[in-house]
Each structure stands twice: as structure tokens, then as C-alpha cells.
Number of protein chains: 2
Amino acid sequence: MTSPAFIEGLAGEIEKRLKRSKLAIPVGVSNRHCHLTEEHFKILFGPGAAPRKIKNIKQPGFYAAEETIDVMGPKGILRKIRLVAPYRAHTQIELAATDAIGIGLNPPVRESGDVKGSAGAVLIGPAGRVEIREGVIVARRHLHFSPGEAGSLAVAPGEVVRVRAGTGGGRSAVFEDVVVRVSDKYSLEFHVDTDEANAAGLKTGDVVHIA
Amino acid sequence: MTSPAFIEGLAGEIEKRLKRSKLAIPVGVSNRHCHLTEEHFKILFGPGAAPRKIKNIKQPGFYAAEETIDVMGPKGILRKIRLVAPYRAHTQIELAATDAIGIGLNPPVRESGDVKGSAGAVLIGPAGRVEIREGVIVARRHLHFSPGEAGSLAVAPGEVVRVRAGTGGGRSAVFEDVVVRVSDKYSLEFHVDTDEANAAGLKTGDVVHIA
């Protein structure tokens, strides 16, 4: 068991973990929001409408739009859910579990884009409404890396890591089940929803570390 | 460093941790609720009113009451906040951070009873309203033990431990900053609020372990 190869492997693993644990990763707290297909957007806002940009968000290519929709479940309505544009191939509503439970929905924890068999809802816009049979999810927490950052830390796309969020606010926590995503469109960030942020006393811009 | 006394100490510590980690601890998710002084209750519900029991809650001596109040902050109102009776020496409103932020409050994370300098709010009942200057808190997560349970696990009142909440739902987490509370009125339970429960995919009755 204590062959030179074993010791070397162990040393390499420890070195990798030490290196990873030193990187300060900024937190991005995602409020509930929606992504819409062009078809759904036109039904909700009218055939002549188009998303109007308020501001770019940190992940390149995406922007917060002026448009908001209401999302209705069996027990209530969440109002003014912000559209994040541009259009997507599938409509996707990302809610915190607290939000979802409040309107009687029980969406699964999913990675963005993986909406098959997720929860349905009625979407309400100023020009119309759409009933979707799937598309409502609770976002799976994840880390965004550029390829360079991922390479230097030896993290692979899809790898599941743990993130320590200890802010000294009396709610330190280690989040497990954190998926690594790598893209040249991504900048370094730990994405959580409002439930996760509030459970650990985190705000956007706080810093966390891989554990 | 590797004296017999050191080894023995280490073995004892490992034995203690192993024993602790085996105990299945039921989760109790606390929804937002309030405790009221008799004075505040009478203002809010009228001088002739008294709390009417709906049902006992798991911690002995406390019960959920029919009465609810509205809690107003600078940005909104949370409606139907359930009273947990009997009366207390200090009025205390326990909100999840998500709830509090929604009405413009920023209460500190505190242990129950420690309300000094916490957040204020306006409490609204059917018979009147009260402006409190302190009393709104986010509850510090904690474990309840009977003295017998605490003794057998060698946990001391006030000790801070870690709790692993791994339910296989894609949101496993280790909660740090978990305070141990011991009383002959307590039955074994891990108390979290709705933000914490939702961040880890926990429901009342799920089981967690000391990490």
C-alpha cells in the first residue's frame, strides 16, 4: 500500500487539493428568473415585441431584459419574474424552492437546459398566457470556469466538487453536489440561488473556496 | 507526539466522533412564526383574547395557536405569521432571510431569546398594531438533545458541531455553526429554517447526522 507510486499519487492529490482550495471564487446569487423561446415570448408580449436589454449579466452573452412575466402555480402567483435573454430553445423558469413551494409547485433540482419532465406552470404576460407542461426547475448549484482556470486547477467539466462558504456570519456551510462547468464564455463564479445564499449568509461578490 | 497518552486521546476522539456520526437525527423545519409577550398579544388581539391552541409542536410545552399576525417592514408585509404560544418575556419574530429580505428587513442570525439590538418591524393584528424596535431574528440553526442523549454522545450545551444533510436529492450539504442545546424539555431534533431546508433539499422528518 505504501509503494513509491502510491505515495506519489497521494502527494499529487494533496497538491491538487491545496491548489484548488486557495482560489478565491466570487459568489453570484441568482434571483428567480426565466428564459423564453421566441414563440413563447411573442405570445406573452405580442408579435411585434422583442426583449429590451437593461444590462449585461456577468456570464457573457446574456442580459437582463425589461420584460417580466407572472408565473402561476396551483396555490398562487409569483409576480415580475425577470426575463434573461436572448431567446432559448426551451423555455425555462428558475425558481428557488421557497418561491416554488409558495405557489404549490415542486420542481426538481436540475442543470440549466435539462427541463425534460420538470414542473409545469402557467406563464402570464401583458399580451397573453402560455401553459407549459415542463420547464420549471430549481437550479443545480455550479461553478463556472474558463478553460484556462479549469486547466490550472485540474477540474474537469461535469466534475462534482464541494465548496466551503464560511463568511463568519454564523451560517458557515459546505455545499456538496457542486457541478463544474467549463466554457470560454464563462468567468469564474459560484452560482447559487437565494435559498442557498440565505442558508449560508452569502451575497453576490462574497468569496468562497473549493473544499 | 506519538506517546501512548497522545494515541489514547486520539482513539477516544475518534470513538466519540464515530458514535456521534451514527445517531440518526430527525429534521424539524421551522416555518416563520412569532412569539408574543402577553402585553403585545392583548394589543394585537384585544384585552379579552387569549391564545387558542391548534396543536402541540414537537418541543414539549409549546403549541401552535389559531392566531396569526402580519409583519410589516419598509418594503412590504408578510401575512399570517403563526403565533407559537405560550407568552414569552420578549416578543420574537423568527423569519427566514428570504422572508425578511422580501419586506426590506435585514435581521441578524441569533439564538432564540437573544433579541437585543435585532431588527424592528410593525406587527399588525385584528385589534391593533405594535411597532417593535427589536425582536426580528433569523434563527441560528441548532440541535435539541435531552440530557440523556447529550450525555451518551458527550455533547455539551453550547457546543458547536457540524451536521451532514445528505439526502441524495442533488443538494447535500454540511451545515457548520450548529449549536447544541440540552434540556429535559427537548426531544432529539435538528432545527433549521425554510431557507436552510430548501438549500439542502430537507423536509421535516428527514434524517441527518453529526459530521
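What's counted below: heavy atoms across the whole structure, side chains too, no hydrogens, waters or symmetry copies. From a predicted model like this one, the values you see are computed outputs, not experimental measurements. Lettering of chains follows the sequences in order, A, B, ..., and the numbering in each one begins at 1.
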Exercise for the section: Can you sort out the partners of A:Ser187 under side chain to side chain contact (heavy atoms under 4.5 Å, CB included), two or more places apart, ordered by chain and number? Expected result: A:Lys58, A:Gln59
Practice task
Tell me, out of B:Ala173, B:Ser172, B:Ala199, who's got the most heavy-atom pairs with chain A below 4.5 Å.
Solution key: B:Ser172
Problem - side-chain hydrogen bond (donor to acceptor under 3.5 Å, both in side chains) contacts touching residues 130-141 of chain B (sequence neighbours left out) - result: B:Arg141-B:Glu196
Problem - Part of A:Asp193 within contact of chain B (heavy atom distance under 4.5 Å) - result: side chain
Problem - Part of A:Arg110 lying under 4.5 Å from any heavy atom of chain B - result: neither
Practice task
Take atom CG of B:Asn106 as the centre, draw a 6.0 Å sphere, and report whether it contains more than 12 heavy atoms from other residues, nucleotides or ligands.
Solution key: no
Completion exercise
Residue from A:Val178, A:Ile101, A:Asn198 scoring the most non-hydrogen pairs under 4.5 Å with chain B is A:Asn198
Practice task
Please confirm whether the backbone N or O of B:Val84 pairs with a side-chain atom of B:His35, one donor and one acceptor, at under 3.5 Å?
Solution key: yes
